[in-house]
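Report on the structure given below.
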Amino acid sequence: MAKNLLIVESPAKAKTIEKILGEDFEVKSCFGHIRDLEKDEMGIDVKNNFRPRYIVPEDKEKVVKELRQVARKSDEVWLATDEDREGEAISWHLCEVLGLDPVSTKRIVFHEITKPAIQKAVKTPRTLDLNLVNAQQARRILDRIVGFELSPVLWRKMSMKNNLSAGRVQSVAVRIIAEREREINAFTPVSSFKIDAVFTALDLGGKSTTFKAEGGKYAEEKDALSFLNSCLGASYSVADIQVKPAKRTPAAPFTTSTLQQEAGRKLGYSVSRTMLLAQKLYEAGHITYMRTDSVNLSDTAVQDITGQISRDYGDRYSQPRRFRNKNESAQEAHEAIRPTYMERRQIDIADGQRLYELIWKRTMASQMADAELEKTTAKIRISTNKELLSAQGEVLKFDGFLKVYMEGRDEEEEDEQQEGMLPPLSIGQDLPLKEMKATERYTRPAPRYTEASLVKKLEELGIGRPSTYAPTISTILKRGYVEKRDKEGVVRNYRILKLSKDKISTSTETENTGAEKSKLFPTDLGLVVTDFLIQHFDDVMDYGFTARIENEFDEIASGKLEWNNMVGAFYRPFKEDVDNTMQTAERIRGERELGIDPDSGKKVIARMGRFGPMVQIGDVSDEEKPRFAKLKPDQSIETIGFQEAMELFRLPRQLGDFEDSPVTVNIGRFGPYISHNKQFYSLPKELDPYAITLEEATPIIQEKRLAKEERTIKIFEKEKIQVLKGPYGPYLKRGLRNFPIPKDQQEKAAELSIEEVKKMIEDAIANPPKKSARKKKATK
DNA sequence: CAGTGAGCGAGCTTCCGCTTGACTT
């Protein structure tokens with residue numbers, strides 16, 4: 001048995017370190033936190049100065065048991081958890097659980113897993129920083145208080161009884177989405193007319209080529225038109241040329257958040273997919289740790305990278321750089337995300353190759369030379385007019401880092417101006433005009449968030465940590481506060497005024513606008529809950545809340561503040577808000593009045609109901625019962641109009657009784673249908689669900705029933721299994737699902753026993769058709 | 001693919017951050 005036990009957080013790290021340290025050390029991993037607050041009564045003894053009650057969670061018992069065994073047999077235990085607040089706390093919990101003295105136990109840290117770094121760390125151990133541990137406890141306890149006090153408020157005040165939750169991170173994440181949505185809803189596009197002209201000139205080879213120049217913007221069509229009019233009969237010449245050098249600098253190597261953003265933009269991955277693949281790459285030893293907020297590269301890594309650049313592209317392309325973190329809250333326990341060996345281009349993980357390549361390129365580019373450009377601006381004079389047109393061109397003089405990598409762009413950063421090449425021009429040169437246009441362009445609202453741009457925003461606000469970005473998004477989706485979906489655009493007209501061959505013509509064109517793919521939309525539930533939380537807990541919902549408490553955690557870490565005092569100062573007013581809200585606030589309904597129903601004279605309101613967003617005519621206090629209608633999936637309490645709401649009450653329609661049971665028409669997920677006696681009959685396309693009568697409906701029911709009888713071979717009433725005749729032979733139906741009958745037994749379908757049928761269904765479930773086979777069919 | 005939508009009240013849910021497998025469909 002080794003003399004020393006060294007404990008790290010990650011098992012992948014443990015393996016490598018054990019090789020480096022040799023026989024004197026046994027290296028074990030604790031798999032992150034090993035203790036957490038008990039769930040009963042928050043796990044906090046509020047009256048006793050917020051004394052926390054920690055327990056070892058069930059899934060960590062095995063790990064702790066093993067660590068205890070090894071620790072007992074070792075002479076000395078070394079704590080080598082990550083160098084940040086959480087890591088320090090994990091080490092402290094290890095002391096508590098393993099019976100080590102927190103004042104004398106050896107604590108070491110390293111930022112890279114190389115032989116010299118680890119040997120140096122072992123030579124210079126320190127002891128636990130208990131102030132830092134206390135800062136972590138304050139963080140943990142405060143998050144528990146916020147989450148476990150706010151969530152029950154929602155359970156009490158929301159009529160929807162699914163498991164709602166609120167917390168310092170998730171609730172602000174939903175708020176960001178909600179506010180963007182309202183910004184978009186409130187946005188009114190303003191149009192203006194942008195002038196651009198196309199000229200012809202000779203290129204370097206003496207061939208005729210065209211280039212574009214831009215003019216001014218006009219708010220009104222008539223002003224744009226009068227400008228074009230003023231250009232009739234004009235001649236054009238180069239008034240001025242300016243050439244300026246410019247450069248572009250590579251982006252820093254990846255952190256968790258930038259990797260998630262870039263993988264989203266370039267590969268279309270969700271943040272959880274990115275993290276899943278990155279985890280695989282890390283475990284296989286291909287990349288450094290994937291949950292980090294540091295842009296730092298170790299010295300050995302920089303050597304490896306610059307060496308690779310020189311070999312691949314020559315010394316001119318190599319330019320070692322140090323990147324600094326913008327974000328002060330970065331805790332820098334790890335390096336940036338980079339390949340462990342730059343010479344490795346291909347990896348054996350099929351799914352991970354594209355992500356690996358992205359990381360490889362970004363890492364290479366970060367240590368490469370700037371790209372050098374030459375920007376040319378030419379001013380073009382109009383003989384009949386004082387205005388100048390401006391043409392811009394860009395020439396890449398030296399590609400530098402662009403040789404391997406170009407950072408992707410978010411929608412909001414996109415500018416419409418794209419710079420191409422300009423032909424050689426000289427001052428005074430005459431330019432023949434090919435055409436000039438004034439195109440109507442509309443202002444656009446800020447785009448909805450993608451998963452990755454939400455992560456970016458959260459990081460900017462200092463909310464959440466690399467290990468929680470992906471889980472936070474999963475949580476707000478799972479709770480139904482937010483949905484990820486596409487939105488179809490709407491068609492809009494725009495005007496074009498064109499000057500060509502000294503004549504002006506006008507036309508109206510159409511464009512599709514507002515279409516979005518895979519974006520985050522708030523649900524009515526998300527909007528209503530966010531409003532409620534802001535109304536009653538504006539401090540916690542504030543975008544600056546996390547930053548403010550982080551400052552206090554830092555003060556605790558530096559010994560200037562007692563953690564219990566800090567938590568107490570937050571708790572007292574917060575708890576008062578919670579108690580007041582519990583007692584006084586009404587049920588959350590998110591109510592909006594839409595108008596008055598002309599038939600009954602009663603109020604029409606949209607609100608949140610027991611089963612989700614709904615419209616209601618009248619009130620429960622009225623003599624007559626109120627009428628209710630559920631909103632369709634694409635409708636929202638926030639935006640539904642009166643007419644649209646009233647439409648919802650046209651269905652379902654009761655047509656009358658048939659065979660002593662009511663016949664009802666409605667529109668379902670798959671189109672209009674009739675329901676009768678718990679059976680559904682779809683409506684032929686030519687029949688209008690709003691106009692169909694009982695006389696028209698009954699034949700449909702009878703026909704379908706007849707057809708069904710003809711198709712039925714056998715029914716097992718008790719088990720609700722049917723044997724049916726299909727176009728390809730007999731098959732089984734249980735509930736809504738169909739199951740095949742094996743070919744050799746199809747002939748005796750009518751004689752099948754219940755045991756045989758049940759077995760067939762079990763077999764079919766156990767051996768589902770292969771995915772690839774189904775996919776092929778679907779794509780055909 | 002129904003209709004439900006008030007309120008009562010068992011017994012349930014919930015946070016953030018650190019780590020991976022062991023599960024099922």
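Quick note on labels: first sequence line is chain A, next is B, and so on, each numbered from 1.
Across all strands, A/Arg139 comes closer than 4.0 Å to base atoms (heavy-atom distances). If you check every strand for non-hydrogen atoms under 4.0 Å, A/Arg35 touches nothing. Among the heavy atoms of the strands lying under 4.0 Å from A/Ser165 are primed sugar atoms or P, OP1, OP2 only; no base atom is included. Note on A/Pro626: nothing from the nucleic acid sits closer than 4.0 angstrom, heavy atoms only. When heavy atoms are screened at a 4.0 angstrom cut-off, A/Gly464 is found touching the sugar-phosphate backbone but no base atom. Residue A/Gly167 is classed as a sugar-phosphate contact, given heavy-atom separations below 4.0 Å to backbone atoms only. Residue-level contact check: A/Arg168 touches the backbone only, with heavy atoms under 4.0 Å from sugar-phosphate atoms and none from bases.
Shown here is A/Arg587, whose CZ atom has more than 12 heavy atoms of other residues, nucleotides or ligands within 6.0 Å.
Look at A/Arg140 and you won't find any side-chain N or O under 4.0 angstrom from OP1 or OP2 of B/dG17. Checking the phosphate oxygens (OP1, OP2) of B/dC15, a side-chain nitrogen or oxygen of A/Gln170 falls inside 4.0 Å.
Between the side chain of A/Arg465 and the base of B/dC16, no donor-acceptor pair under 3.5 Å is found.
Ring-to-base geometry places A/Phe611 in a stacked arrangement with B/dT4 (centre distance under 5.5 Å, plane angle under 30°). Stacking between A/Phe148 and B/dT14 is present: the aromatic ring centre lies within less than 5.5 angstrom of the base six-membered ring centre, and the two planes differ by under 30 degrees.
Relative to the ring axis of A/Phe545, A/Arg168 does not place its NZ or CZ within 45° and under 6.0 Å from the centre.
With C1' as the reference atom, B/dT13 and B/dG9 are 16 Å apart, rounded to whole Å. Nucleotides B/dT19 and B/dC23 have their P atoms positioned 23 Å apart, rounded to a whole Å.
Here the side chain of A/Tyr673 is nearest to one of B/dC15, B/dG5, B/dC1, namely B/dC1. Listed nucleotides B/dC18, B/dC15, B/dG21 differ in distance to A/His33; the shortest reach to its side chain belongs to B/dC18. In the set B/dT19, B/dG17, B/dG7, the nucleotide with an atom closest to the side chain of A/Arg587 is B/dG7. Checking B/dG5, B/dT19, B/dC15 against the side-chain heavy atoms of A/Phe628 singles out B/dG5 as nearest. Relative to the side chain of A/Arg144, the nucleotides B/dT4, B/dC15, B/dT19 differ in distance, and B/dC15 lies closest. Of all nucleotides listed (B/dC18, B/dC15, B/dG3), B/dG3 comes nearest to the side chain of A/Thr664. Between B/dT20, B/dC18, B/dT14, one nucleotide has an atom nearer to the side chain of A/Ser10 than all others, and that is B/dT20. Side-chain proximity of A/Phe31 to the nucleotides B/dC16, B/dG21, B/dC18 is greatest for B/dG21. Comparing B/dT19, B/dC15, B/dT13 against the side chain of A/Trp155 picks out B/dT13 as the nearest.
Side chain of A/Lys157 to main chain of A/Met582: a donor-acceptor pair is present (N/O by atom type, distance under 3.5 Å, no hydrogens or angles).
Computed from coordinates, the A/Tyr54 OH to B/dC18 P distance equals 15 Å when rounded to whole Å. Between the CD atom of A/Glu66 and the C1' atom of B/dG21 there is a distance of 14 Å, rounded to whole Å. Here B/dG5 presents its P atom at 15 Å from CD1 of A/Ile605, a figure rounded to the nearest Å.
Ion pairing of A/Glu550 with A/Arg139 is absent here, as no side-chain N (NZ or NE/NH1/NH2) approaches a carboxylate O to less than 4.0 Å.
Residue A/Lys60 comes nearest to A/Ile34 through the heavy atom pair CB-O, 4.0 Å, listed as atom of the first residue, atom of the second, then distance.
Side-chain atoms of A/Ser270 and A/Ser272 form a donor-acceptor pair, as typed in the model, at a separation below 3.5 Å. For the 3.5 Å distance criterion, the side chains of A/Thr81 and A/Glu9 fail to qualify, holding no donor opposite an acceptor.
If you find the closest nucleotide of DNA chain B to A/Gly147 and to A/Glu283, the one lying nearer the 5' end belongs to A/Gly147.
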